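Everything on this sheet refers to the single structure shown next.
As the structure is a prediction and not an experimental result, all values here were calculated from the model. In what follows, chains carry the letters A, B, and so on, assigned in the order in which the sequence lines appear, proteins first and then strands, with residues in each chain numbered from 1.
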Amino acid sequence: MESSETYTSDEMMSIAAARQLRNNQICFIGIGLPSKAANLARRLHAPDLIMIYESGTIGAKPTRLPLSIGDGELGETADAIVSVPEIFNYLLQPGRIDIGFLGAAQIDKFANLNSTVIGDYRKPSVRLPGAGGAPEIAGASKRVIVMLRQSTKSFVEKLPFITSLGFGTGPHDRKKYGLTGSGPVMVITDLGLLEPDPNTKELVLTHLHPNIEVEKVIESTGWTLKVADELRITELPSKAELEAIRSLVSAGS
Amino acid sequence: MESSETYTSDEMMSIAAARQLRNNQICFIGIGLPSKAANLARRLHAPDLIMIYESGTIGAKPTRLPLSIGDGELGETADAIVSVPEIFNYLLQPGRIDIGFLGAAQIDKFANLNSTVIGDYRKPSVRLPGAGGAPEIAGASKRVIVMLRQSTKSFVEKLPFITSLGFGTGPHDRKKYGLTGSGPVMVITDLGLLEPDPNTKELVLTHLHPNIEVEKVIESTGWTLKVADELRITELPSKAELEAIRSLVSAGS
Amino acid sequence: MAEVVSLQDGIRHLLKDGDSVALEGFTHLIPMAAGHEIIRQRKRDLTLIRLTPDLISDQLIGMGCVSKLVFSWGGNPGVGSLHRFRDAVEHSWPQPLVIDEHSHAGLTNRYVAGASGLPFAVMRGYRGTGLDEFSTTVAPIICPFTGEELRAVAAVNPDLSVIHAQRADRKGNVQLWGITGIQKEAVLAGRKSLVTVEEIVDELDPRHGDVILPSWLVTAVAMVPGGSRPSYAAGYYQRDNDFYVAWDSISRDRDTFLAWIDENVL
Amino acid sequence: MAEVVSLQDGIRHLLKDGDSVALEGFTHLIPMAAGHEIIRQRKRDLTLIRLTPDLISDQLIGMGCVSKLVFSWGGNPGVGSLHRFRDAVEHSWPQPLVIDEHSHAGLTNRYVAGASGLPFAVMRGYRGTGLDEFSTTVAPIICPFTGEELRAVAAVNPDLSVIHAQRADRKGNVQLWGITGIQKEAVLAGRKSLVTVEEIVDELDPRHGDVILPSWLVTAVAMVPGGSRPSYAAGYYQRDNDFYVAWDSISRDRDTFLAWIDENVL
C-alpha cells in the first residue's frame, strides 16, 4: 500500500491524532502537537469540536495555528473567555472535559508522562518547562490522548519524574490516587498507535503507520514493547487530510 | 436645645448613622436601615462613599433608595458587578472592607446579633429571615457599625441565637474564633449611640439623641446598661440633613 | 448540548418528586415561571436550595412542594417576613419544613465546591455563631500549613438547577447580564440544569458584563418571556416592587394565599 | 485609592531586594516593561512568582535578579526552552535558583487562596506525581464530610503583584479585557500591587468582557504605552511572534544574552 503522495512522519502523526477526535467533543488542548491535531480535526470532520485552552478560551475558532495557548486570535474567536481559575476549577476538575489532549517529553509503559526534568530533579541534566495544565488534564478529563514522537529517549523504562499520572504502576493506581477520569486511551506517535491493555493498563502497539516495520517501533521503545495479536495498519493520509494539514498556517510564521 | 424643625426618631437614627461614614470608605451595606443611612451619607458629606451590596454591585450610585440589595439601579450605576462568590471570597473575607454596616432583630451587651429566630431554634416562636451576609460582614470588616431601634425586645440579656458575633462573651472571643476584623465600634439606635468599652467590650451608652432622657434608654435595654461618665448629646439634625433624608425616594414607592 | 424544550416538558422530565432543586437569581432574574410550573405539576418532597428564598420559595413552600429548605436569607427584601415560610417553620403548615441554614458566604461556597467537583470548600466564618452549632454541613478544618482552624462547608450538587436568563441561541448557548449572582455556580453545581430565557435568538451579540454558559454545560433551555416577573430581567423589564410589597398581605393569610395561587398560578 | 506614578517610581518604592513579586499575564498583557525596570534598578534576591515564566522571567533570571522561582510552566510557548532559566537550574548561572514548582491548577489555586484571605485552597491533583513529592507548599487534606483525601495548596501572597492592563482612569480604576488569565487574583493576593497601562483616560467606557479593578484594590498605576511588548495588548497591538522565535537564539548563549540586555534594556 503506497500513498499517492509523500508525507512526513509528523504529518502522519497529526492526521492519525486528528482522526481520534469527534465533532462536538469538548477537548482540553495542550500546546504543540495536540493543538495542531485538534485544529486539523476542526478543518476536516469535526468543525464543531470545542477546544479549550488553559489560558481561558472556550470554543476558539482560530484561522491560523496558534503559537501560544493565549494567542490573540483564540480570545477573539472564542465562545467565551473565562479566568484561569474557572478553567481549572469549574471546567476541568469536575470532569466536564471529554478529551484531554497532551504532549510530553517522555512516557513509560503505563502512560505516565514526564515534562519536568531529564536526570535528577534537584540537579537535572535537562530542565524541561514543567507541568503546566497537564497533571490535572491527565487526572480529570474523561479520556486522555497523548501524542509524542517515539524513540528510546522518549519511551523509557523508568521516568526520572512523573509529571502527569497515566496508570501509575498498573490498573489500580488511578483509583488509589483519587483521579476521576479514566486515563489515557491512546498514545499516538510518528510510528503507530499504542493503547492500554484493558486489564493490565500496559501500553500495547495496536496500529502501525503505513510503511513502518514493527521492529522499528520495538527498537524505538525503551521497554519490551507488547504488540497486539492483530496489529493493524493506520489508514494512509488522504488527499484532503494532507491538503488540510499543509494549509494550517502557524501564527508565528 | 430645640430643633428648629421637628423630626422623627428614625430620621435621627439614620442621620446619626450617616454621620459615621467618611468619604471614600469602602462600606458593605446591609439592606434596610444601613442602606438608607449610607445613601444619605452619599448625598451629604460622603459623595464618594463606596457601597458594596452582597448581590455583587461595587460602587453603586443609586438615585432612589433600593428596596432590595439587588435592585436594577444598583447594577446600572455600579463601578463593577461581580459574582456573589467574588463579593464574599475576594472582597469581604480578606478584610478589604472598611465598614460593615448591619441591622439586626436583637443585640446583647457584647454586640452579638440575632436575626435568625425568637425562641427555640428548632421550634421558634418567630422565624426571622436569617443570616444573609451578616455573619461574615461582622467577622471580616475592619470595623462594624450596627443600627437597630432600641427596646427591651431588641436589646436583650441573652440572645436566643447568635447569628453574627460581636464580641462573644468579652474581649477575647473574636481572637479565639479567628475573626479578622476588629468588630463593632458603634451601635446606633433611635435613642442614642452605644460604644464598646475598650477593655471589657461591653456596650456603653456614650451619646443621647436630643431630648431623650437617659432613663428612657436604660428602660429600653434588657440588661443593666452602662452609661459613660461623660454622656454627650448627639448634634441636632441639620436642615440639610433633614432635607436630604426626606428627598430619599424609595424604589418601591 | 442543551436541548430546547417547553417549560412544561423541562420540569416534567428533569425534576421528580424527592429531588433537590436549586432556583437561583439574586433579586434579578429569579426563575419565577419555573417555580410556578413546579407548583402546577404538584411536585412533592423537594429539597429547595436558594440563597434568598423569597416570593417563589414562599409559594412553593405554601403549596406543599417543599419538605426541606437549604437557604441563607428567607425574607421579602425590603418588606419583611415570608409568611408561608414562617407558617411552615412555626406551625408546620401545610407540612413540616426541615431547614439547613447557612450564611450567604457559606451557601455560596457550597455552590462553588459543587461547581468545582470538590466535596467541600474552605472559608472563614461560622465560628462562635449558632449556625455553626446547628448545621450538619459545616465542619472544622485545620490548615495543614499554618495550623489555623477554619470551616469547611459541604458541596451542594442539586439534582436540578434552574435559572432564568435573558437569552439563548438555537444551539442552547445561554447569555445573562446585569447582576448575575450565584447563577453560574448553581448551574455548574447541578447534576442537570434548566434555563428559562426571555427569548431565543439566532446569534448572541455581545453584551457588556455578560456571562455565557456554553450549551454543553446546560441540560435544557426553555423560552419563557416574562419568566422572571415580578423579579426583573435587565434589558427587558423592571422589578415590580409594588407586587413585592403587596405579597405581604396576600401571603399573610393561608386562604388568601391559596386563593391567589388558584387564580394566578394553577 | 491607587496612586498614579511613573514606572520608575513605582518599582523603586513598591519593590525592595528580597521581596516576592508576581508578574502575571497569560501570553496576553505580560508586564514586560515592569520587568525591564526591575532589571534596570538591579533588584536582587527576588522570589519571582509566575504561572508561565517566559521571556521576561528568562531575562530577570539571567540578570541575577531572582533567587527563587515559583512557577508552573517555564518555557517559550510554541518555541521551546527558556535557556536562561535552564542555565540557572542546570548550571547555577549567574547564581543558583531555588524552585517551588506546581501545576497551573495548583499555582492558580494558591493565588485564589491568597486573594480570598485564606491560608490554603483545596483541589484534586498532585497525588501520584513527582510534584507532590517535591513541593513543600502542597499537603494532604481529608474531607471532613466524605473522608476523601485531596490536596491543599498554600496561599501565595506576593509582596508586590505586577500586571499590565489596557487602561486606567485618573482615579486609578483599572480596566483590562481579552484573555485576563489569573491577573485579578494576582492583584488581590498581592500585599501591594502595581498596574502598568497602555493609557490613562478620563472615563473607562465599557468593553465587552472587561475586568474592572476598582482603584481601592490597587496600590499604584503607571502609564507605559507598549508596556507588554513583545506580548500583546488586545485592542492596542499584536503579539510579536517573531521575537519569541528569535529569543531562542538570543538567549541560548550567555554573552549574546548579556549583549542584548545591554543594548535593549539597560
Side-chain angles (χ1 to χ4, degrees), chain A residues 31-32 35 54-57 66-72 74-76 78 80-81 83-85 87-89 92-93 112 114-117 121-136 139-140 159-165 168 173-174 176-180 250-253, chain D residues 25-28 51-54 71-82 85-86 88-90 99 101-106 108-109 111-112 123-131 133-134 148-150 177-185 209 211 231-232 234 238-239 241-242 244-245:
Chain A
I31 198 60
S35 181
E54 59 202 11
S55 59
T57 66
L67 185 67
S68 157
I69 46 78
D71 272 19
L74 298 177
E76 290 156 18
I81 303 177
S83 71
V84 169
I87 281 285
F88 286 108
N89 292 346
L92 177 60
Q93 187 167 260
N112 303 300
N114 172 29
S115 55
T116 302
V117 289
Y121 180 70
R122 298 202 187 276
K123 194 69 193 164
S125 57
V126 180
R127 174 64 230 199
L128 302 164
E136 286 77 18
L159 294 177
F161 191 96
I162 296 180
T163 312
S164 307
L165 207 69
D173 277 8
R174 288 187 69 88
K176 171 177 148 194
Y177 291 123
L179 303 187
T180 50
S250 290
S253 51
Chain D
F26 208 120
T27 307
H28 182 214
L51 282 179
T52 56
D54 60 343
F71 78 111
S72 44
W73 192 86
N76 183 344
V79 179
S81 285
L82 290 180
F85 164 59
R86 283 188 56 181
V89 173
E90 295 169 15
I99 60 175
E101 182 166 7
H102 286 267
S103 66
H104 278 346
T108 292
N109 278 301
Y111 276 121
V112 169
M123 58 179 290
R124 298 182 184 282
Y126 289 93
R127 297 182 65 197
T129 74
L131 295 168
E133 188 180 338
F134 285 101
E148 188 179 1
E149 182 178 337
L150 299 139
W177 64 87
I179 292 171
T180 55
I182 190 72
Q183 282 100 304
K184 180 188 274 192
E185 288 75 14
V211 169
S231 165
Y232 72 106
Q238 307 253 321
R239 191 170 191 263
N241 283 318
D242 291 344
Y244 278 82
V245 174

Using heavy-atom distances under 4.5 Å, tell me whether [X] contacts chain A through its side chain, its backbone, both, or neither.
X	value
D:Leu131	both
D:Asn109	side chain
D:Arg124	both
D:Ala105	both
D:Ile99	side chain

Which bit of [X] comes within less than 4.5 Å of chain D, counting heavy atoms only: side chain, backbone, both or neither?
X	result
A:Glu136	side chain
A:Asn112	neither
A:Val117	neither
A:Thr180	side chain
A:Leu128	backbone
A:Phe88	side chain

For the residue pair [X] and [Y], establish whether any side-chain heavy-atom pair is separated by less than 4.5 Å.
X	Y	value
D:Thr129	A:Thr163	no
A:Val84	D:Tyr111	no
D:Tyr126	A:Tyr177	no
A:Glu54	D:Phe26	yes
D:Ile182	A:Ser83	no

Between [options], which shows the greatest number of heavy-atom pairs under 4.5 Å with chain D?
options	value
A:Pro135, A:Ala80, A:Ser125, A:Pro160	A:Ser125
A:Gly133, A:Gly70, A:Ala140	A:Gly70
A:Ser115, A:Gly130, A:Pro85	A:Pro85
A:Gly168, A:Ala134, A:Pro124, A:Gly56	A:Pro124
A:Ile69, A:Thr57, A:Asp173	A:Ile69
A:Ala78, A:Gly72, A:Ser164, A:Gly178	A:Gly72

Open item on the list: If the condition is side chain to side chain contact (heavy atoms under 4.5 Å, CB included), which residues does A:Arg174 pass it with, not counting sequence neighbours?
Closed with: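 Here the qualifying residues are A:Phe167, A:Leu179, A:Pro184.
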
Nearest heavy-atom contact between A:Ile162 and D:Gly128 is CG2-O, 3.8 Å

All heavy atoms of D:Phe71 vs all of A:Arg127, minimum pair found to be CZ-NH2, 3.6 Å

* How about D:Thr27 and A:Ser68: does a side-chain donor come under 3.5 Å of a side-chain acceptor? -> yes

Donor on one side chain, acceptor on other, A:Tyr121 and D:Glu101, under 3.5 Å = yes

Could you tell me which of [options] has the largest number of non-hydrogen atom pairs under 4.5 Å with chain A?
options	answer
D:Arg239, D:Gln238, D:Glu149, D:His28	D:Arg239
D:Ser231, D:Ser81, D:Gly75, D:Gly74	D:Gly74
D:Arg86, D:Glu133, D:His102	D:Arg86

Is it true that, when you exclude D:Glu90 itself, more than 12 heavy atoms of the residues, nucleotides or ligands shown sit nearer than 6.0 Å to its CD? yes

